[in-house]
Amino acid sequence: MARRVSTRHKVIATFAAWLVAFVIFFPILYMVITSLKTEPEAIAGINLIPSFTLESYVAVQQQNDYFKPFMNSVVIALGSTLVALIIAIPAAWSMAFSPTKRTKDILMWMLSTKMMPAVGVLVPLFIIFRDTGLLDTRIGLTMILTLINLPIVVWMLYTYFREIPGEILEAARMDGASLSGEIIYVLTPMAVPGIASTMLLNIILAWNEAFWTLRLAAANAAPLTAFIASFSSPQGLFWAKLSAASTLAIAPILIMGWFSQRQLVRGLTFGAVK
Amino acid sequence: MATRQTRTLARFMMAPAVVLLLIWMIVPLSMTIWYSFQNYNLLNPMTRGFAGWSNYVYFYTDPAFYQAIGNTLMLVGGVLFITVVGGILLALLLDQPIFGQGIVRILVISPFFVMPPVAALVWKNMIMHPGYGVFADISRFFGLQPVDWFAQYPLFSIIIIVAWQWLPFATLILLTALQSLDEEQKEAAEMDGANFLNRFWYLTLPHLARAITVVILIQTIFLLAVYAEILVTTNGGPGYASTNLAFLIYRTALLSYDVGGASAGGVIAVILANIVAIFLMRAVGRNLDR
Amino acid sequence: ETITIATVNNGDMIRMQRLAEDFTAKHPDIQLQWVTLEENVLRERVTTDIAAGGGQYDVMTIGNYEVPIWAKQGWLLELDGLGDDYDVDDLLPAIRGGLTVDGKLYAAPFYGESAMIMYRTDLFEAAGLEMPASPTWEFIGEAARKIKADNPDVNGICLRGKAGWGENMAFITALANSYGGRWFDENWQPQFDQPEWKEAFQFYIDLMNDAGPAGASSNGFNENLTLFQQGKCGMWMDATVAASFVSNPEDSQVADKVDFAIFPSKEGVDNHGHWLWSWNLAVPASSGKAEAAQTFISWATDKAYTEMVAEKEGWANVPPGTRTSLYENAAYKEAAPFAEPTLEAMNAADITKPSVKPVPYTGGQFVAIPEFQGLGTTVGQLFAAALAGQSSVDDALAQAQNIATREMTRAGYIK
Amino acid sequence: MGNITLKNVHKAFGATVIIPDIDLDIADGEFVVFVGPSGCGKSTLLRLIAGLEDTTSGTILIDGREVTDEAPAKRGLAMVFQSYALYPHMSVYNNIAFPLKMAKVDKDTIDRKVRSAATTLNLTNYLERRPGQLSGGQRQRVAIGRAIVRQPKAFLFDEPLSNLDAALRGTMRLEISELHQQLATTMIYVTHDQVEAMTMADKIVVLNAGNIEQVGSPLELYRSPRNLFVAGFIGSPRMNLITGAEAAKHGAQTIGVRPEHLKLSTASGTWKGTVGVAEHLGSDTFLHIQVDGIGQVTARADGEFAVDHGDQVWLTPEPGKIHRFNEAGEAI
Amino acid sequence: MGNITLKNVHKAFGATVIIPDIDLDIADGEFVVFVGPSGCGKSTLLRLIAGLEDTTSGTILIDGREVTDEAPAKRGLAMVFQSYALYPHMSVYNNIAFPLKMAKVDKDTIDRKVRSAATTLNLTNYLERRPGQLSGGQRQRVAIGRAIVRQPKAFLFDEPLSNLDAALRGTMRLEISELHQQLATTMIYVTHDQVEAMTMADKIVVLNAGNIEQVGSPLELYRSPRNLFVAGFIGSPRMNLITGAEAAKHGAQTIGVRPEHLKLSTASGTWKGTVGVAEHLGSDTFLHIQVDGIGQVTARADGEFAVDHGDQVWLTPEPGKIHRFNEAGEAI
Ligand SMILES: Nc1ncnc2c1ncn2[C@@H]1O[C@H](COP(=O)(O)OP(=O)(O)OP(=O)(O)O)[C@@H](O)[C@H]1O
Ligand SMILES: Nc1ncnc2c1ncn2[C@@H]1O[C@H](COP(=O)(O)OP(=O)(O)OP(=O)(O)O)[C@@H](O)[C@H]1O
Ligand SMILES: [Mg+2]
Ligand SMILES: [Mg+2]
């Protein structure tokens with residue numbers, strides 16, 4: 001509808017939207033601002049203009065090296081997402097293009113495995129990890145996160161794949177493509193927006209996973225969730241340092257989210273909701 | 001599409017995911033069930049032994065048990081309510097032509113990227129803190145007594161925090177759904193004399209049904225497991241006021257190191273989660289087909 | 001060889017981390033890997049690891065609560081390789097006693113603390129009050145209310161309210177001890193239904209309501225510290241380590257207006273709470289690098305470390321409460337006005353006899369049984385709810401009694 | 001009443017002018033069809049009338065009342081969309097009742113009107129179904145039902161049959177024509193289907209790049225196209241347009257002869273040619289003939305006309321059926 | 001070579017039998033069109049031949065070799081889908097090259113073949129584009145290009161033109177016919193468009209509910225439909241089917257006369273009737289006439305035949321063009 005949109009309407013909508021956006025974003029903004037304050041400033045009441053000191057960041061880095069957990073987070077989040085995709089793409093293919101009466105049930109069952117309370121199985125898992133030497137390894141965490149996110153990945157991909165006309169795959173089949181050819185050359189590239197969006201969502205979820213990452217890794221594989229846990233309540237004034245550490249912990253994923261926001265949304269529009 | 005050959009292949013391709021998830025489900029679950037019938041306290045390895053149903057009785061008779069279930073439902077329901085209603089309103093707002101749409105959208109979805117402990121820490125210390133929080137500053141500005149959120153309204157405060165984290169997700173899904181509403185349908189309704197409210201009620205809302213279903217489904221899965229926010233802010237208290245099932249199990253497992261009791265709790269939670277799941281699928285799953 | 005050290009994220013530990021270059025310089029063959037965590041997370045992870053034999057850490061920072069329990073389970077290695085220079089006898093007897101099981105030392109104290117009163121001399125003076133040598137709770141109550149009445153934006157008293165066995169329960173247990181209360185009788189029967197508890201807890205709630213800060217139920221050590229440093233508290237009763245923070249002019253606005261006094265007691269009861277805590281370094285049995293670990297522990301808890309800190313950061317910043325020699329050091333006494341009362345408090349604490357009545361357990365502000373973490377925290381929640389006004393004193397105590405009976409029965413203490 | 005007048009209507013999207021300047025008068029009860037190539041602005045024009053787009057300048061009158069700035073709902077028109085735009089979650093009944101509900105008509109009246117519309121459209125048995133459970137033709141009828149219950153001053157149809165298959169299109173075409181006769185309401189109908197335009201219209205408006213090329217009854221346009229564009233556009237198969245020497249003979253830049261106006265003979269005639277492709281439809285045969293000195297010409301023969309690829313044939317244009325055009329492409 | 005034989009082919013989805021039992025023989029180089037009402041199993045039959053579905057029983061032979069259980073890729077057939085099924089993420093070049101790549105043909109050969117196919121199909125200028133940047137007709141051509149590079153034994157087309165508009169459909173129809181002449185490869189073509197079936201086919205297979213009703217050349221089917229179904233299905237507008245007394249006069253249960261075989265006169269004739277709707281197409285006029293004692297009859301008149309609603313006309317069936325059917329609906 002390319003109807004005349006009165007400028008007044010647009011201005012009001014703009015104002016409202018910006019106001020709401022500001023309110024929603026405020027905690028993050030305030031966190032960043034606080035991270036640039038000195039400690040006494042940080043608790044001195046609302047003040048949106050910090051003194052722009054980086055002393056908290058310096059202090060945080062001194063106390064706890066940022067780059068190692070950061071790399072761990074990157075490796076674990078990316079790794080688990082990729083592995084999950086590799087396992088999930090064929091599964092979603094078969095659910096979408098060769099469905100049976102059971103398909104829906106299997107899907108729902110997969111999703112329901114996510115409802116299992118993690119703490120309930122912590123000790124058994126810890127013991128398994130201990131005995132297999134996976135404790136505090138990137139591989140171990142990657143495995144766990146893969147399993148945790150697999151249901152969501154399968155489900156999302158399934159909804160995307162269902163939007164792809166089966167005729168195209170049949171065309172590939174007629175053209176002599178083997179099954180793997182069909183998936184690699186045709187299905188996957190066609191579903192790129194959906195796969196990208198699934199990937200992004202899962203990187204976010206994996207990045208932010210704070211139960212297993214915190215409990216199955218001590219030092220070598222500890223990601224940023226552990227980093228933040230070392231700042232959550234030390235002695236003395238710590239608002240600014242806490243903010244700095246928090247900012248560091250979420251900045252990479254936040255920035256990635258901002259830049260890939262379009263992909264995330266584009267993927268969501270075809271699939272899950274349509 | 002469906003020759004015998006491809007069907008067989010299809011089963012084969014699904015196998016890794018299904019088998020992995022089966023293992024992922026069955027191994028820990030069976031271990032959990034096994035432990036739930038054991039006396040097993042990590043800190044007291046001497047007292048191992050068969051426990052019968054005592055772990056279940058113990059967990060079930062926990063004075064916090066019923067309140068935890070109630071709190072779990074409140075938490076899930078409250079967050080769903082806020083995010084769905086808020087998400088719809090936000091989506092409607094963002095669907096309007098506005099200046100700087102891209103930036104607004106980025107700002108609105110940002111909370112989704114924040115890891116739960118950070119979100120909880122920021123809200124607890126910088127926003128809701130009765131002494132130094134922004135809310136307290138605002139109250140004082142108006143000459144009011146600052147509210148001690150986590151003491152006075154613990155569950156509500158947690159709902160707010162969790163809702164803040166999930167609102168972007170709901171908004172995003174609902175916004176994309178909104179944008180997929182057939183333009184011609186809107187015009188038809190306009191021709192039919194429907195005003196904005198009518199169009200929303202009779203056209204937009206039913207169109208969003210599926211998206212709302214997706215939001216409810218996915219969020220429920222995550223919301224049933226909320227615990228980090230509680231751990232960081234209220235630790236389940238005061239009393240049991242903000243203890244949900246996940247946290248109750250957490251408390252049993254990682255504060256008392258009572259593996260048997262926690263396992264029993266885990267089994268109970270699995271059963272309850274499945275009841276919720278079945279209920280959810282029945283009530284809402286139908287919407288997913290179409 | 002790389003050893004992994006789990007530490008809590010408090011100031012002294014972070015300082016140790018910073019100074020560890022000294023260690024690596026002396027022991028180039030040993031690399032250090034730090035896992036610094038918030039106290040609760042640390043405890044949870046370290047406990048899981050040691051109980052399940054995860055073997056992820058070589059040095060653990062644990063409290064004197066865990067040491068005897070874990071040592072009994074055989075989870076800790078005896079510290080027999082601390083070196084010849086390590087003057088074990090210099091350790092404060094109270095502290096050392098808490099770390100020794102069957103005559104063997106299982107952990108080396110990094111710093112120790114008891115509890116005491118910190119108060120504002122200026123406010124006391126203005127109110128015409130004087131802190132007695134051995135204050136009673138009655139006096140404290142009056143003083144707090146008076147200060148509050150005189151100074152609208154200052155709280156008469158700041159006390160822990162945040163739920164947790166190491167948070168509000170530490171204080172309340174010490175308070176109850178000083179009222180003649182105890183957690184359990186000789187048969188492990190919980191005692192919350194006894195008048196001592198009722199009296200003590202009622203006193204606490206009333207005092208906090210009348211003269212405590214708003215939102216006290218979320219205040220722990222950190223929050224109170226901040227409040228006090230900002231001049232918002234007339235009195236504060238908490239761990240002795242706080243003394244160095246409140247008297248440090250860099251962080252504290254009231255550094256020159258604080259004085260210290262021994263933890264109060266109830267009139268007629270000779271008990272000052274018996275609060276005794278130490279953070280200690282220990283080597284888990286699952287560590288494969290015990291020798292290197294002990295080398296490190298020896299470095300971190302030795303007198304030489306104290307001197308190094310003193311040299312680099314000043315005497316006021318050395319970890320307190322572990323060695324007699326420190327309190328005999330003139331330079332320290334000079335730099336730390338709180339040295340005297342701290343030592344006094346530490347020596348007064350007897351964790352084998354926390355209450356005037358007999359008890360089947362050891363521990364001052366805690367009960368040294370494995371179940372205490374869970375039980376203490378749950379009871380702490382109930383008490384915090386009462387403080388937040390969500391339940392009454394009687395209800396809170398009744399529920400506490402109920403839950404404690406339940407847990408003790410389950411754990412097999414009550415037959 | 002449903003008299004619609006457009007005066008100097010101009011429409012631009014940003015800088016792109018879609019409709020330069022149009023005047024049009026539609027009488028009450030008329031069935032007007034807009035035809036034109038894709039993208040020429042048919043839909044836009046219809047939407048301007050509906051009020052779904054604003055005019056950039058110019059005025060629109062309905063029954064003499066200016067409605068240029070009025071909301072669509074206020075104009076008293078009803079529209080049937082190409083995609084039907086049914087409300088997918090409402091039953092057929094509710095779909096048809098919707099405009100009445102919006103107009104706050106009371107329940108009984110709604111019920112009566114919906115049922116009467118359903119009877120008219122043969123939908124009585126489907127009232128409880130959802131649109132998703134209907135066939136294309138039925139959906140189309142529901143869309144029409146939704147339009148007629150309001151008794152609008154005029155109906156606007158935007159390619160309403162283009163999503164249907166050929167057979168159904170034929171049936172629905174007749175149904176709409178009948179409806180028009182029954183209701184005698186003004187109808188404006190956009191299509192690019194020749195047959196629909198020719199058979200349904202009282203008046204055809206031929207649009208080209210936003211301009212009206214010609215307005216007239218179907219046979220008027222068929223018999224005397226005003227210019228080359230209309231000549232080429234109306235009629236199927238297309239009129240043969242011949243330039244060069246042959247046209248000059250008739251004193252024109254271009255001459256046009258429709259395939260059905262070429263007499264075929266295997267013996268003699270005006271133009272001689274060779275048969276290329278012959279399309280046998282049974283009832284007719286379309287011959288694509290390469291005529292010497294003229295080029296490719298299409299001719300229609302009856303179904304039994306027996307020729308084959310490569311045969312020689314003679315063509316003779318029927319006298320009086322030759323259209324002549326000048327350099328500007330206008331009919332002479 | 002591209003000789004396809006179906007023997008006793010039977011197909012059921014679960015309990016629903018779609019194709020009861022079919023025998024069919026398609027000779028090498030033939031252009032065979034499957035027609036039939038929607039849902040009669042045309043696509044299913046095509047997909048069975050392609051190998052995209054399994055037969056429930058029966059055998060399929062290609063060039064005498066049994067392929068019943070072979071994978072689609074092995075059968076050496078190429079298929080053009082209704083939706084074109086182009087790979088949206090590949091350029092036109094890569095789309096056409098894809099089957100060769102899958103067959104591991106070397107790069108140079110691929111390039112040569114793709115370019116030659118592109119030349120044949122007039123696609124040379126679009127090789128770098130994505131399908132999304134092409135018009136409907138161009139996409140259709142790419143789909144065909146993808147099919148021809150492999151030099152398959154036979155082409156299978158499933159309603160390849162149904163997504164195009166009328167004009168384009170006409171052009172593409174001719175192009176495919178020409179391609180067939182050029183390549184002389186077997187083609188099986190599914191459509192429900194009369195014109196396509198009639199003009200393109202060497203042989204039409206009329207399907208009804210999974211059964212073959214008749215097989216024959218277009219004009220054979222037009223001239224001598226074997227039964228009522230074929231009679232009604234082939235020819236547009238539909239044949240007038242008349243039962244009752246009039247049919248009995250001809251010694252049949254039903255007689256059929258095509259609209260184009262009815263002579264019209266305003267003066268005299270066999271049957272008298274009243275003109276109902278008259279559809280003026282310009283070139284022709286279709287009259288729907290209410291004939292006394294017979295019912296509604298459609299007749300074709302030329303474009304200039306001037307009658308109006310309600311006029312009296314006489315109809316005379318052309319002799320020898322009357323089809324007669326018995327009770328079972330079979331032609332006598
Ligand atoms: N909202 C819009 N913004 C910009 N240009 C538009 C808009 N809507 C339509 N147009 C342009 O206006 C022209 C006319 O469009 P319109 O839809 O009226 O064509 P049409 O005659 O209906 O074509 P078709 O037969 O394909 O439906 C087209 O070139 C189109 O691209
Ligand atoms: N996978 C399937 N499972 C069950 N039934 C099916 C399946 N595919 C097709 N059918 C049914 O088989 C019948 C024939 O379908 P088919 O697609 O072959 O018809 P068609 O002749 O191609 O029709 P159209 O002209 O509409 O394309 C239909 O009734 C259809 O519902
Ligand atoms: Mg249009
Ligand atoms: Mg088909």
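Chain identifiers are assigned alphabetically (A, B, ...) following the order of the sequence lines, protein sequences preceding nucleic acid strands; residue numbering begins at 1 within each chain.
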Worksheet entry | Nearest non-hydrogen partners of E:Leu77 and A:Met174, listed with the distance | O-CE, 3.7 Å
Discussion item. Taking side chain as everything from C-beta outward and backbone as N, CA, C, O, which of these in E:Ala103 sits under 4.5 Å from a heavy atom of chain A? Side chain, backbone, both or neither.
Written reply: neither
Fill in: Minimum-distance pair of heavy atoms, taken over all atoms of E:Met90 and A:Tyr185
CE-O, 3.6 Å
Discussion item. Tell me whether the count of non-hydrogen atoms from other residues, nucleotides or ligands lying under 6.0 Å of CD1 in A:Ile139 goes above 12.
Written reply: no
Discussion item. For E:Ala73 versus A:Gly176, what's the shortest heavy-atom pair and its separation?
Written reply: CB-CA, 3.3 Å
Worksheet item: Is the backbone N or O of A:Ala172 less than 3.5 Å from a side-chain atom of E:Tyr87, with the two atoms forming a donor-acceptor pair by type?
Response: yes
Fill in: Considering all heavy atoms, the nearest E:Arg146-A:Asp175 contact
CD-OD2, 3.4 Å
Worksheet item: Side chain, backbone, both or neither: which part of E:Leu86 has a non-hydrogen atom closer than 4.5 Å to chain A?
Response: backbone
Item to complete: Count the heavy atoms of every other residue, nucleotide or ligand shown that sit under 6.0 Å from NZ of E:Lys7, and state whether that count exceeds 12.
Response: no
Practice prompt. Return the minimal non-hydrogen interatomic distance between A:Ile168 and E:Pro88, and the atom names on each side.
Written response: CD1-CD, 4.1 Å
Worksheet entry | Evaluation steps, side-chain contact (heavy atoms from CB on, under 4.5 Å), between E:Arg47 and A:Glu170 | CA-CA 10 Å; E:Arg47 293 161 57 80; A:Glu170 294 186 339; 2.5 Å; yes
Worksheet entry | Within 6.0 Å of CZ in E:Phe13, more than 12 heavy atoms from elsewhere | yes
Practice prompt. Check whether any side-chain N or O of E:His89 sits under 3.5 Å from a backbone N or O of A:Leu187 as a donor-acceptor pair, and report yes or no.
Written response: no
